[in-house]
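Read through the structure below, which is laid out as structure tokens, and then see the notes.
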Amino acid sequence: MDESELPRQWYNIQADMINKPLPLLNPATKEPLTAEDLAHIFAAECAKQELDQEHAWIDIPEEVLERYKYYRSTPLVRAYALEKALGTPAHIYFKNESVNPLGSHKINSALPQCYYCKQEGTTNVTTETGAGQWGAALSYAAKAFGLECAVYQVKISMQQKPYRSSIMRTFGATVEGSPSMSTRAGKDIITRDPLHPGSLGTAISEAVELATTTPNCKYTLGSVMSHVSLHQTVIGLEAEKQMEKAGEYPDTIIACFGGGSNFGGLAFPFMRHTIKEGKKIDFIAAEPSSCPKLTHGKFEYDFGDEAGYTPLLPMYTLGHEFKPANIHAGGLRYHGAGTIVSQLLKDGYMRAVDIPQTESFAAGLLFAQTESIIPAPESCHAIAATIREAKKCIETGEEKVILFNLSGHGLIDMTAYDSYLNGDLTDPEFKG
Ligand SMILES: *Cc1c(COP(=O)(O)O)cnc(C)c1O
């Protein structure tokens, strides 16, 4: 850990984007939402950050910096053993966001969101979680800042990863499987489809309902929203300094893609050089083949949740009623994408690839056996995309510098690895 690598400000790419993201719309009036509207569900400061297209740099509060220092800076690692196993001339680096007690990048945004809630006099926070990484991070951050926390966890993920609910409860949060019978939205979904496995869409509906019907309770999100990607830019800002120390500069930057926060967190600080100085970097978002909003979705206004409680977001989407297959990468089972990333993809600043589930686990296994870290099923998608690029370098002989984000470890996802090792994993078809 090197404190001097820790940035004092987050980078807000919206300020530098040539085509700004389109506004979020109120579904009833189709009018653009104001920060005031958003502050009904989110912390006011997060609502302000969400719509800020003016300030490129936003100060990280001192109390948040103090907490970041518990685990940041995170290591930038050259994957020599993986390079050797592949026989590639490429230089592969990864930013290791798994090395905090929660095990994923999600804590980078959980801390500021809870801090702002506390500052603004909120007593309770609620959220949805898929695999449980976000719920775990929020539960910890809520405890750190003295808030009560209620989490709706996607039912199928709760069954696949029982230990994540244990972690959340250990940090003092209450956890419900979604769809649940505790909200109107959950009851409606169960009535329509009693065996609904849940999705991030159903869980968001329930958490938003709880936040809007409970006094002094705010909703928080671990992905998709622009303020979440903003907080995650500590990843890329550190990586920039660390790459400089390594004497290299990335030709290719890769991250897995659920809603875009770990991708944006790593990519946006580098992309400012693309926007402002024309620097050429190949930015690649790696999504699952069975939930391919970036490669197979449409750019249009859609709801962020299943029930249609959220604002309308201008984004690449598979439709808010899309029911993702039960792949193990729970954090990537989301129908939409962040509005910033959606605009950047539309404008050609980045591209996306879709990865079949078995390819992702094969990549994760090779990474584990070479680099000794068991990656989260989500992160396996970034590794698979990295291996594809590194193999291309074998053919062309190019010594490309590839940087990918290891968004989390997979130590609580061992049932998924067991399924893969037992030969039980399938590649669910995308039915668009
Ligand atoms: C949540 C999660 C993701 C996906 O979310 P993004 O917002 O796209 O980053 C990826 N990796 C891990 C480990 C996660 O917990």
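Along the sequence shown, residues carry numbers from 1. In each ligand, atom 1 is the first atom listed, and ligand 1 is the first ligand listed.
- Scanning all protein heavy atoms for the shortest distance to atom 15 (O) of ligand 1 gives K106 NZ, 2.6 Å.
- When only non-hydrogen protein atoms are considered, atom 13 (C) of ligand 1 lies nearest to S407 OG, 3.4 Å.
- The shortest N or O to N or O distance between G222 and ligand 1 is not under 3.5 Å.
- Atom NZ of K48 has 12 or fewer heavy atoms from other residues, nucleotides or ligands within 6.0 Å.
- The side-chain heavy atoms of Q357 and S290, taken from C-beta on, include no pair separated by under 4.5 Å.
- Among protein heavy atoms, atom 8 (O) of ligand 1 sits closest to G258 N, 2.6 Å.
- At under 3.5 Å, not a single nitrogen or oxygen of S379, backbone or side chain, sits near a nitrogen or oxygen of ligand 1.
- In terms of N/O distances under 3.5 Å, ligand 1 is approached by G259.
- Given atom 4 (C) of ligand 1, the protein heavy atom at minimum distance is G331 O, 3.5 Å.
- T127 places a side-chain N or O within 3.5 Å of a backbone atom of T220 that can act as its donor or acceptor partner.
- Every heavy atom of W134 sits 4.0 Å or more from the atoms of ligand 1.
- Interface atoms of ligand 1 facing G408, defined by a heavy-atom separation under 4.0 Å, are 13 (C).
- Backbone and side-chain nitrogen or oxygen atoms of H105 are examined, and one is located within less than 3.5 angstrom of a nitrogen or oxygen of ligand 1.
- When each of L425, L411, I374 is tested with Y417 by the rule side chain to side chain contact (heavy atoms under 4.5 Å, CB included), just one qualifies, namely I374.
- Taking a cut-off of under 4.0 Å to the non-hydrogen atoms of C256, the atoms of ligand 1 that pass are 10 (C), 11 (N).
- Not counting sequence neighbours, E50 has no partner by the salt bridge (charged side-chain N to carboxylate O under 4.0 Å, His left out) test.
- The aromatic rings of F322 and F430 lie tilted to each other, with the angle between the two planes from 30° to 60°.
- Taking the ring centre of Y249 as origin, the terminal cationic atom of K279 falls inside the region bounded by 6.0 Å and 45° from the ring axis.
- Looking only at heavy atoms of the protein, atom 7 (O) of ligand 1 is closest to S223 OG, 2.5 Å.
- Residue Q133 approaches ligand 1 through these ligand atoms, each under 4.0 Å from one of its heavy atoms: 13 (C), 15 (O).
- For ligand 1, one of its N or O atoms has an N or O atom of G260 under 3.5 Å away.
- Remark: ligand 1 atoms within the under-4.0 Å shell around heavy atoms of N262 are 6 (P), 7 (O), 8 (O), 9 (O), 10 (C).
- Ring-plane geometry between Y420 and F361 is classed as parallel, the angle between the planes falling under 30 degrees on a 0 to 90 degree scale with a further cut at 60.
- Using cut-offs of 30° and 60° for the angle between ring planes, the H231 and W10 rings count as tilted.
- Donor-acceptor pairing under 3.5 Å is lacking for the side chains of Q242 and Y93.
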